[in-house]
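Because the structure is predicted, anything quoted here is derived from the model rather than measured. Basis for what follows: all heavy atoms, side chains included, without hydrogens, waters or symmetry-related copies.
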Amino acid sequence: MSTTSTINDWIAIQPQDDVIIALRDYVKGERIDLPDGHSFTLQDDVPKGHKIAVHDLAQGADVMKYGFSIGIAQEAIAQGSWIHSHNLKTGLHGLLEYEYQPGQPMTIDMPPEHLRTFDGYLRPNGEAGIRNEIWIVNTVGCINKVCEALARMGQSQFGRRVDGVFHFPHPFGCSQLGDDLKYTQQLLASLVEHPNAGGVLVIGLGCENNQVDQFRECIAPEYREKVRFLKAQETEDELEEGLRLMEELVEIAEQEKRQPLPLSKLKIGLKCGGSDGLSGITANPLVGAVADLLVAAGGTAILTEVPEMFGAETILMNRAADEHVFNDLVDLVNGFKQYFVNHGQNIYENPSPGNKAGGITTLEEKSLGCTQKGGRSSVVDVLRYGKRVTKTGLNIVEAPGNDLVSVTALSAAGAHIVLFTTGRGTPFGGPVPTVKIATQSDLANRKKHWIDFNAGQLLEGQTMEQVKEQLFSQIIDIASGRAQTLSEQHGFREIAIFKDGVIL
């Protein structure tokens with residue numbers, strides 16, 4: 001889907017498409033010359049990133065982009081017209097049944113030889129970390145400010161001995177019950193187990209439903225050596241005791257040093273946020289190509305945002321490694337659709353206002369661009385919300401499209417780094433290094449304090465091979481501690497927990 005041909009100020013993605021994409025703002029009356037010798041005059045003003053009809057389309061016709069239908073023409077559309085929400089609607093409706101139709105496995109390239117290792121921390125259980133940080137995880141939101149104060153004090157006292165001391169506030173754990181509590185515990189426990197943390201201080205208040213002793217049992221035994229527990233109500237001075245426990249953790253973390261490790265130990269999360277009409281043309285295909293490089297080298301890529309697979313889910317389903325994985329993916333997709341139904345919401349009420357302003361009209365258009373982040377690899381496993389990856393290769397994890405929630409879920413699943421593509425921009429950073437990848441140079445140049453990498457180079461003469469190697473090299477530098485993301489430099493670290501817990 002990512003093959004493109006650029007002609008000056010517009011781009012055609014596939015020969016069979018009904019649209020081209022504007023690479024600048026167009027004015028009504030301008031002429032566009034097509035490679036086949038035909039030309040037409042624009043019937044409307046067309047903003048950058050938006051779609052232009054290359055021929056007449058009948059009312060009710062499927063409109064093709066990426067070689068697939070992105071919706072139905074609501075009215076007859078003349079050649080040269082702007083195609084957007086006023087004349088295009090989604091073709092998706094209701095729940096679907098799926099049939100396993102596996103495609104042929106695709107050959108994917110290995111990364112260049114000089115980019116096949118990174119310098120990481122080899123943990124005692126054989127996992128790798130790319131940071132050696134101390135994390136503070138609270139069982140309940142009532143003590144967010146205590147943990148925040150401890151993180152500041154810990155950074156001041158121990159920051160030179162480790163890669164930093166960080167706290168991730170959240171509002172939950174107090175009055176939660178049943179599955180709602182269970183899945184909050186699962187998410188937090190998976191963060192505690194993350195190998196980027198050389199040590200973790202778990203702090204509870206003492207009267208909350210998410211009791212420290214109960215939460216301790218959610219953490220796998222092999223990770224507990226790097227964890228210390230504190231109950232604030234049972235301690236005379238929780239700040240003094242917290243610093244004492246933190247020093248124990250720092251002493252453990254200091255024993256580990258960076259060493260060359262194979263790419264098979266590296267895990268990257270794949271996420272897009274604030275997409276625009278160029279997301280599926282530049283940044284998302286680029287990230288997919290990078291994910292394929294890592295998978296080819298034995299590493300792991302993790303894809304999420306299940307509602308933003310609707311309309312393109314069969315592309316992933318037909319890449320399932322076997323029928324069991326296919327059935328798990330079907331259950332995941334239909335479970336999320338049922339979630340919308342249970343809440344009385346339109347299953348296909350997407351994209352967001354920002355997406356629409358950037359040129360995306362329907363959910364299937366957004367999904368066809370979004371799923372390209374998964375590259376061409378086989379899907380080897382499907383994970384429930386809060387669970388950690390156990391298989392190398394391309395995994396899919398259950399989470400919604402919300403940026404903070406999905407990046408947190410990717411981190412909890414084990415991603416060392418999250419590649420975050422955006423056409424609109426965002427400053428936030430997750431609990432792991434979050435690499436912001438702009439879809440276009442305008443955004444990259446305007447928001448230099450947000451954007452880590454510019455995929456807009458793909459529209460300015462750089463080839464996919466060239467840009468792919470640039471980004472992969474930058475990822476290796478970040479994984480090896482030779483570089484930090486901008487969100488890391490600014491100290492932007494956040495988590496968000498999906499309040500409804502797991503869908504299925």
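- If you run salt bridge (Lys or Arg N to Asp or Glu O under 4.0 Å) between E127 and each of K265, K226, R388, only R388 comes through.
- Looking at T139 and E208, their side chains do bring a donor and an acceptor atom within 3.5 Å of each other.
- Between the side chains of H170 and N144, no donor-acceptor pair of N or O atoms lies under 3.5 Å.
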Sequence neighbours excluded and cut-off under 3.5 Å, please list the side-chain donor-acceptor pairs for residues 110-119, or say none.
from, atom 1, to, atom 2, distance (Å)
R116, NE, P111, O, 2.8
R116, NH2, P111, O, 3.1
D119, OD2, R482, NH1, 3.4

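- Between R131 and D163 no salt bridge is recorded (no basic side-chain N to carboxylate O distance below 4.0 Å).
- Salt bridge status for R152 with E148: present, with a side-chain N to carboxylate O gap under 4.0 Å.
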I would like to know whether Y183 and F498 meet ring-ring contact (aromatic ring centres under 6.0 Å, His included); could you show each step before the answer? CA-CA 9 Å; Y183 295 118; F498 192 25; over 10 Å; no

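- Interatomic distance, OG1 of T439 versus CD1 of I281, reported as 9.0 Å (0.5 Å rounding).
- With F229 as the aromatic partner, R216 meets the cation-pi criteria of under 6.0 angstrom to the ring centre and within 45 degrees of the ring axis.
- For the pair N318 (side chain) and T314 (backbone), a donor-acceptor distance under 3.5 Å is present.
- Between Q440 and T282, the side chains place no donor N or O within less than 3.5 Å of an acceptor N or O (distance only, hydrogens not considered).
- Applying the ring-ring contact (aromatic ring centres under 6.0 Å, His included) definition to pairs two or more places apart or across chains, those involving residues 451-492 are H490-F492.
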